[in-house]
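Contents: one structure, followed by commentary.
In this chain, numbering begins with 1 at the start of the sequence shown. Side chains are part of it too, since the values below use all heavy atoms of this structure and drop only hydrogens, waters and symmetry mates.
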Amino acid sequence: MKPLFCALCLLASPALAECPPVADRSAELAELFESARNAPNDMAGRVFSDQMWEIWVDAPDDVAAALLNTGMIARRVADYLAARDAFDRLVEYCPHWAEGYNQRAFIAFLSGDFETALVDLEKTVEINPEHVGALSGLALTLTALGREDEAQDWLRKALALNPWIPERGLLKEPAGEEL
């Protein structure tokens with residue numbers, strides 16, 4: 001009973017605990033990027049995309065995992081205030097883990113707060129420059145802000161890592177160039 005109580009205490013006040021370092025899984029991601037680039041079709045590419053997401057959402061510890069899960073459940077039922085609260089606590093607890101910022105950005109995007117989403121997406125990419133979800137999120141957010149040229153640049157960066165992302169249909173051919 002005591003370990004459960006302690007875990008609940010940490011969830012209630014993550015500032016009392018210290019988030020461990022995030023595991024370096026860059027070698028696994030590099031293999032997945034290569035596999036995605038070589039995938040023969042969308043179905044095969046999706047398998048690698050899903051595996052990338054499994055790595056990005058792999059929390060550094062149980063406290064971070066619980067906060068992530070709480071926020072994602074709240075998002076699924078469109079309780080964006082509760083989701084934002086969970087992701088705020090996650091970012092406070094684990095400021096060196098990119099996924100907390102990425103998930104908080106998604107809530108801001110869904111809420112139409114594109115400027116706030118942009119700040120968190122930029123932080124995500126600062127921590128993890130190859131986070132394809134954040135790169136494509138930057139493209140979507142900048143598009144929503146009317147900054148199409150910048151959006152296309154970020155989309156190209158995401159597609160260079162994973163050509164099978166759903167946002168690939170938003171890529172525009174540069175003037176005078178064939179893609």
Side-chain angles (χ1 to χ4, degrees), residues 14-15 17-39 45-75 83-111 113-145 147 150-168 170-171:
E18 188 173 322
C19 182
V22 178
D24 180 5
R25 299 185 66 187
S26 56
E28 290 173 79
L29 281 166
E31 288 179 25
L32 290 171
F33 295 143
E34 184 65 26
S35 296
R37 284 191 291 268
N38 292 321
R46 262 190 245 163
V47 170
F48 301 116
S49 296
D50 291 347
Q51 291 173 358
M52 290 173 204
W53 276 106
E54 288 173 17
I55 291 172
W56 292 321
V57 300
D58 184 24
D61 69 2
D62 291 341
V63 174
L67 289 168
L68 178 69
N69 191 46
T70 298
M72 292 176 112
I73 290 169
R75 183 185 68 222
R84 172 72 191 219
D85 178 63
F87 296 137
D88 282 345
R89 289 186 293 140
L90 177 56
V91 164
E92 179 185 337
Y93 172 65
C94 228
H96 54 279
W97 187 38
E99 196 55 34
Y101 296 96
N102 187 56
Q103 292 298 323
R104 190 168 71 176
F106 191 32
I107 292 302
F109 182 89
L110 292 172
S111 301
D113 186 357
F114 304 121
E115 292 292 343
T116 298
L118 192 60
V119 170
D120 277 342
L121 288 165
E122 288 171 344
K123 183 64 177 180
T124 303
V125 172
E126 176 186 318
I127 295 169
N128 182 353
E130 295 181 326
H131 193 301
V132 176
L135 295 171
S136 61
L138 278 164
L140 293 171
T141 302
L142 289 164
T143 297
L145 290 168
R147 294 162 58 182
E150 290 174 83
Q152 289 292 303
D153 290 341
W154 286 108
L155 184 56
R156 281 185 177 78
K157 288 177 185 178
L159 289 166
L161 294 168
N162 183 357
W164 301 106
I165 59 173
E167 297 83 3
R168 70 184 179 274
L170 301 175
L171 185 64

Given side chain to side chain donor-acceptor pair (under 3.5 Å), test Y101 with N128 step by step and report yes or no.
CA-CA 11 Å; Y101 296 96; N128 182 353; over 6 Å; no
Do you know the tightest heavy-atom contact between G133 and W53?
CA-CZ2, 3.6 Å
From the options M72, E99, E92, select the one residue that forms a side-chain contact (heavy atoms from CB on, under 4.5 Å) with F87.
M72
Do the non-hydrogen side-chain atoms of N102 and K123 ever get within less than 4.5 Å of each other?
no
Interatomic spacing from OG1 in T141 to CD in E150 - rounded to 0.5 Å
11.5 Å
Which class fits the ring pair H131 and W56: parallel under 30°, tilted 30 to 60°, perpendicular over 60°?
parallel
Heavy-atom closest pair (A36 atom, N162 atom, distance to 0.1 Å) is CB-OD1, 3.7 Å
Please report the C-alpha distance between Y93 and D61 in whole Å, then the side-chain angles of each, then the deciding distance to 0.1 Å, and finally whether the side-chain contact (heavy atoms from CB on, under 4.5 Å) criterion is met.
CA-CA 11 Å; Y93 172 65; D61 69 2; 2.3 Å; yes
From CG (L29) to CG (L161), nearest 0.5 Å:
9.5 Å
Heavy-atom closest pair (P60 atom, C94 atom, distance to 0.1 Å) is CG-SG, 3.7 Å
So CG of L118 and CG of L142: to nearest 0.5 Å the spacing works out to 5.0 Å
Worked verdict on R46 versus D50 for salt bridge (charged side-chain N to carboxylate O under 4.0 Å, His left out)
CA-CA 6 Å; R46 262 190 245 163; D50 291 347; over 6 Å; no
First locate atom CD of E54, then atom OG of S49, and finally report the distance between them rounded to the nearest 0.5 Å.
11.0 Å
Tightest non-hydrogen contact, residues W154 and V125, listed as CZ3-CG1, 4.1 Å
Rounded to the nearest 0.5 angstrom, the CZ-CG distance for R84 and L110 is 12.5 Å
Closest approach of A83 and I107, non-hydrogen atoms and distance?
CB-CD1, 3.6 Å
Check step by step if side-chain contact (heavy atoms from CB on, under 4.5 Å) holds for I55 and Q51.
CA-CA 7 Å; I55 291 172; Q51 291 173 358; 6.0 Å; no
For the side chain of R168 and the backbone of W164, is there at least one donor-acceptor N/O pair under 3.5 Å apart?
yes
Give me the atom names and distance for the closest heavy-atom approach of L135 to P129.
CD1-O, 3.8 Å
Would E115 and L145 count as a side-chain contact (heavy atoms from CB on, under 4.5 Å) if you check the C-alpha gap in whole Å, the side-chain angles of each, and the deciding distance to 0.1 Å?
CA-CA 8 Å; E115 292 292 343; L145 290 168; 3.6 Å; yes
Just do the salt bridge (charged side-chain N to carboxylate O under 4.0 Å, His left out) check on D153 and K157 with the steps written out, would you?
CA-CA 6 Å; D153 290 341; K157 288 177 185 178; over 6 Å; no
Take L138 and T124 through the test side-chain contact (heavy atoms from CB on, under 4.5 Å) and record every step on the way to the result.
CA-CA 10 Å; L138 278 164; T124 303; over 6 Å; no
Which value, rounded to the nearest 0.5 Å, describes the distance between R104 atom CZ and T116 atom OG1?
9.0 Å
Below 4.5 Å, heavy atoms only, C-beta onward: do L170 and T143 meet side chain to side chain?
no
